[in-house]
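What follows is one structure encoded as structure tokens, with my remarks underneath.
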Amino acid sequence: MADQQSTEGITVTLNGGQTTISGHDTLPLLHVLREVLGLKGTRFGCGQGTCGACTVIVEGKAVTSCDLPLEAVRGKRIETVECLAAGGATHPLAEAVLACQAAQCGYCLPGILMAAKALLDREPDAPDARIREALDDNLCRCGAHLRILRAVRLAGEVMTAATDR
Amino acid sequence: MSAPSIPLPLKAAPDISDWIRFGPGRTVEVLTGRVELGQGNLTALAQMAADELGLAPNDVVITSGNTERTPNEGYTAGSMSVSIGGMALRFAASAARVLVLREASLKLNADYLSLSVRDGDILEGGRPTDLDLRDVATGLNFAVPVIDYAALLVPERRTLSSQPLPRRDLPNRIFGTPFIHDFAPEGMVHGRILHPPVQGAMLRSLDLKTLAARPGIIDVFRDGSVVGILAGSFSVVTAAVDWAANRAEWAVPDLPQAASLRELLAGAASAETVILEKGKIPEEDGNAVEVTASRAYLSHGSIGPSAAMAVWRDGRLKIWSHSQGVFQLRNAVARVLGLDIEAISIEHASGAGCYGHNGADDAAFDAALLARRVPGKPVKVIWSRLDEFRVAPLGPGMLTTARAVVDETGALQSASICVTSAPHGNRPDTAGVPNLVTATRLAEPVPFQRSNDVPLPQGGADRNAIPYYRVPNLHVGKKLVHDLPYRTSSLRALGAHLNIFAIEMLMEKIAAETGQDPVTLRLRHLDDPRAAKVIETVMAEGEALRRDMEPGAEGWGLGFGRYKNTGAYAAVLARIRVEETVTVSHIHAAVDSGEIVNPDGALNQIEGGILQAVSWTLKEEVKLAGPLVATETWLDYPILRFSEVPQVAVTLIDRPEDPPLGCAEAMAGPVAAAIGSALFQALGIQICDLPLTRERIMAAALA
Ligand code: FES
Ligand code: FES
């Protein structure tokens with residue numbers, strides 16, 4: 001492998017836990033997640049930063065992971081789709097997406113859910129126009145958009161109610 | 001109720017045990033040759049079978065698309081899963097129930113007619129007995145013909161059909177790792193075939209030695225113009241293919257750049273084949289109304305690229321593929337590799353969304369070829385985005401001319417329709433031709449052949465070219481385009497997308513030129529009450545959509561079509577806004593697809609069909625440069641984004657007494673037509689070249 005090696009590896013906070021990865025500094029984060037760490041919920045769609053299938057959250061911001069070398073996230077906080085269903089506790093987004101049956105093939109969903117989570121974490125009461133804007137870099141070919149928008153709004157309502165309490 | 005006819009799949013798989021198997025521990029396996037393509041059809045199929053058996057939906061497991069186990073039902077395509085595959089299952093499941101209840105009536109010494117099943121419990125006169133359907137079934141012989149025992153429940157007795165059951169596969173598709181892309185068995189390696197930039201290009205030279213010396217490469221081989229690369233990881237194989245693509249020299253066929261798609265297609269068209277001739281078309285039709293519509297080549301554009309895995313063990317080949325037809329793929333692979341079909345088994349596995357004949361089968365063959373180099377090791381292939389755009393079959397570019405003469409009352413007197421298109425039917429194993437792209441470049445090539453398109457009644461280029469409107473004199477023909485280097489095959493709706501658009505634009509133009517209301521004009525030419533009903537329904541329910549138009553900037557329009565002229569009916573209203581670009585703000589659709597097995601599943605399909613059609617109609621166009629498909633990335637091929645999604649309402653007309661018709665593809669033509677009609681209303685000019693891009697709107701507005 002043509003990666004440059006760092007001796008002590010790169011440490012990140014992944015879905016709340018510390019992880020150190022050695023020997024893959026220049027490998028795109030997507031491949032580190034899928035191939036090295038076996039976290040395959042994040043999808044490969046284009047490898048060119050143009051479809052959003054590989055979207056993850058880095059330091060609260062949604063970014064595509066297929067064009068982001070691991071060394072660029074050294075020491076950062078990363079969230080992937082796996083965080084939505086971690087340890088039995090399901091995130092409102094995960095519940096909403098199933099309640100609304102908001103997918104056809106489902107391939108685009110992990111990326112879309114991460115883009116949505118990044119928005120709702122900041123702005124749980126984001127109106128429709130904000131949601132659309134936040135998801136605009138994520139493609140869905142099956143045309144599940146309407147249901148996805150409904151699901152994100154629903155999750156936002158649940159999250160708003162939870163913060164109000 | 002019209003007595004349901006015997007479903008075709010029962011011919012090839014006649015026995016109950018071909019479809020339903022009872023196992024130990026009260027397990028019930030339902031077998032279907034159809035495959036799940038992300039449309040939720042397995043949920044609907046399980047629902048139909050469980051209903052007839054009197055079981056809860058989760059009491060059945062469903063096995064699909066497996067050359068070793070399931071019936072061969074041909075391709076999962078054309079929105080026929082439920083209408084044909086589901087009906088076959090319903091017959092088989094009802095036959096199983098009848099056999100079991102006969103046995104139960106003996107055991108209980110009860111009148112057969114007093115017995116029924118609920119959640120597996122056998123009831124007598126509605127009261128529980130201590131028998132369970134699945135226990136009684138064990139030991140019975142189900143290797144008996146379905147048609148000898150089948151007795152479908154009357155619609156009122158069905159309890160699951162028409163329920164909006166959640167998709168059984170959805171949680172795993174979103175949160176799990178069911179895709180072939182995710183497979184990683186012990187010892188697996190990654191492979192890719194280097195595909196040429198242009199269809200039919202032959203490899204002149206490539207430095208294989210340097211390629212093979214790259215770190216992490218396991219094997220590199222060349223067979224004719226095929227170069228295969230195997231590596232230990234996805235990123236290594238990807239980088240190696242990119243390296244090779246930048247250095248390979250190809251002999252590329254020549255093709256001058258055409259001025260326009262219309263010119264390109266018209267220039268390459270073969271002679272017209274007559275599809276239908278009825279009455280007499282006037283020779284002199286000076287006052288005829290004519291529309292010529294065109295559509296660009298389209299890409300399938302699944303969000304996940306084509307993928308497959310294959311392994312050779314002891315001379316046998318096993319493939320995992322998201323093909324639409326595992327049996328046909330098996331025939332095609334066997335033919336190219338000179339194998340007995342018995343030596344190959346193919347299992348359907350999940351891929352991303354599938355909208356027709358995409359690269360799935362090609363990726364499967366690529367995997368098989370690569371895996372032959374490393375017997376015993378599973379080889380996984382994931383195509384690049386570039387391969388998806390350039391190597392996978394495209395939806396054909398098309399040109400449809402529709403011309404009509406109306407009488408003094410404004411009624412259609414005669415019409416002639418002519419469709420010019422590359423063939424829509426090039427699936428693997430069509431007329432014995434493998435149609436596998438890599439096989440065409442082997443040292444012993446197995447080339448593509450001239451395709452005869454998809455013959456009617458399904459129709460390919462000519463799907464829906466016969467107007468559903470009453471017209472006493474009619475001529476319909478098609479001109480196939482064979483000699484362009486762009487590879488084409490079946491994409492959702494096939495010719496129906498453009499043909500319905502063209503015919504509807506013709507109706508709009510006739511209405512405008514004869515001073516008739518376009519909706520009334522359509523209704524007066526429809527003899528089928530179900531057709532009239534969807535139009536009337538959408539006009540009434542979509543009333544709000546038609547209010548308060550800003551003249552010159554907004555418009556609404558109607559589009560109608562009955563898919564394949566035998567399938568689902570769809571009437572669509574679109575409201576649009578024209579600025580520099582066209583924005584679709586609202587869609588209202590009324591759909592009659594016969595019996596609705598799973599209303600939420602049907603809605604999901606219809607919504608998806610609508611949005612994909614909006615995307616095709618407004619935005620999509622594969623770029624061509626001479627012989628080259630110049631579209632390389634998503635940046636060159638914009639599709640509908642979240643910010644552009646209209647508000648959508650759908651009215652389903654349920655007809656539990658009528659056979660289910662399938663609905664996934666029925667939206668394409670009517671949606672395009674509704675948008676085209678709305679644009680006509682807003683601007684007063686018809687633009688009939690799809691997609692309706694900013695450039696076209698500007699050019700038409702200035703003309
Ligand atoms: S896979 Fe990363 S944007 Fe497409
Ligand atoms: S659900 Fe298939 S791409 Fe979005």
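Small disclaimer: the values here were computed from a predicted structure and weren't measured. First the proteins, then the strands, lettered A, B, ... as listed; each starts at 1.
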**Message:** Please check: side-chain N/O of K40(A) versus main-chain N/O of D182(B), any donor-acceptor pairing under 3.5 Å?
**Reply:** yes
**Asked** For F183(B), is it the side chain, the backbone, both or neither that has a heavy atom under 4.5 Å from a heavy atom of chain A?
**Response** backbone
**Complete:** Between C142(A) and G353(B), the two heavy atoms sitting closest are SG-CA, 4.0 Å
**Complete:** All heavy atoms of G41(A) vs all of T177(B), minimum pair found to be N-CG2, 4.1 Å
**Request:** Counting only heavy atoms closer than 4.5 Å, note whether I148(A) contacts chain B via side chain, backbone, both or neither.
**Result:** side chain
**Asked** Judged by atom type as modelled, is there a donor-acceptor pair below 3.5 Å linking the side chain of R173(B) to the main-chain atoms of L109(A)?
**Response** no
**Fill in**
P305(B) and G45(A) have their tightest heavy-atom pair at CD-O, 3.6 Å
**Prompt:** Under 3.5 Å, side chain of R385(B) to main-chain N/O of G47(A), donor-acceptor pair present?
**Reply:** no
**Separation of T50(A) OG1 from Y637(B) OH (nearest 0.5 Å)** = 14.0 Å
**Asked** Among R147(A), H145(A), Q104(A), whose side chain to side chain donor-acceptor pair (under 3.5 Å) with E607(B) holds?
**Response** R147(A)
**Prompt:** With a 4.5 angstrom heavy-atom cut-off, which part of L135(A) approaches chain B: side chain, backbone, both or neither?
**Reply:** both
**Request:** Let me know if A94(A) has heavy atoms under 4.5 Å from chain B in its side chain, its backbone, both or neither.
**Result:** both
**Item:** Gap separating the OH atom of Y355(B) from the SG atom of C105(A), nearest 0.5 angstrom
**Value:** 5.0 Å
**Asked** With a 4.5 angstrom heavy-atom cut-off, which part of A184(B) approaches chain A: side chain, backbone, both or neither?
**Response** both
**Prompt:** Does the side-chain contact (heavy atoms from CB on, under 4.5 Å) test come out yes or no for R43(A) and H181(B), once each step is laid out?
**Reply:** CA-CA 8 Å; R43(A) 313 285 187 220; H181(B) 312 70; over 6 Å; no
**Request:** Kindly compute the distance separating CG (N604(B)) from SG (C100(A)), expressed to the nearest 0.5 Å.
**Result:** 11.0 Å
**Prompt:** Near Q647(B) CD, under 6.0 Å, is it more than 12 heavy atoms from other residues, nucleotides or ligands?
**Reply:** no
**Fill in**
Note: A103(A) and I174(B) closest approach over all heavy atoms is CB-CD1, 4.0 Å
**Request:** Check Y107(A) against G304(B) and note the closest heavy-atom contact, atom names and distance.
**Result:** CE2-CA, 3.3 Å
**Message:** Counting heavy-atom pairs closer than 4.5 Å to chain B, which one of L139(A), D128(A), I131(A) comes out on top?
**Reply:** L139(A)
**Message:** Is there a side-chain contact between C46(A) and T633(B) in this structure, where contact means two heavy atoms from C-beta onward sitting under 4.5 Å apart?
**Reply:** no
**Message:** Under 4.5 Å from any heavy atom of chain B, what part of Q48(A) do you find: side chain, backbone, both or neither?
**Reply:** side chain
**Request:** Under 4.5 Å, counting heavy-atom pairs only, tell me which of S302(B), P171(B), A231(B) racks up the most with chain A.
**Result:** P171(B)
**Fill in**
Okay, D137(A) and chain B: the region with an atom under 4.5 Å from a heavy atom over there is both
**Request:** Using modelled atom types only, decide if a donor and an acceptor are shared between the side chain of R141(A) and the backbone of I303(B) within a distance under 3.5 Å.
**Result:** no
**Request:** Answer whether the closest heavy-atom distance between the side chains of F175(B) and V97(A) falls below 4.5 Å.
**Result:** yes
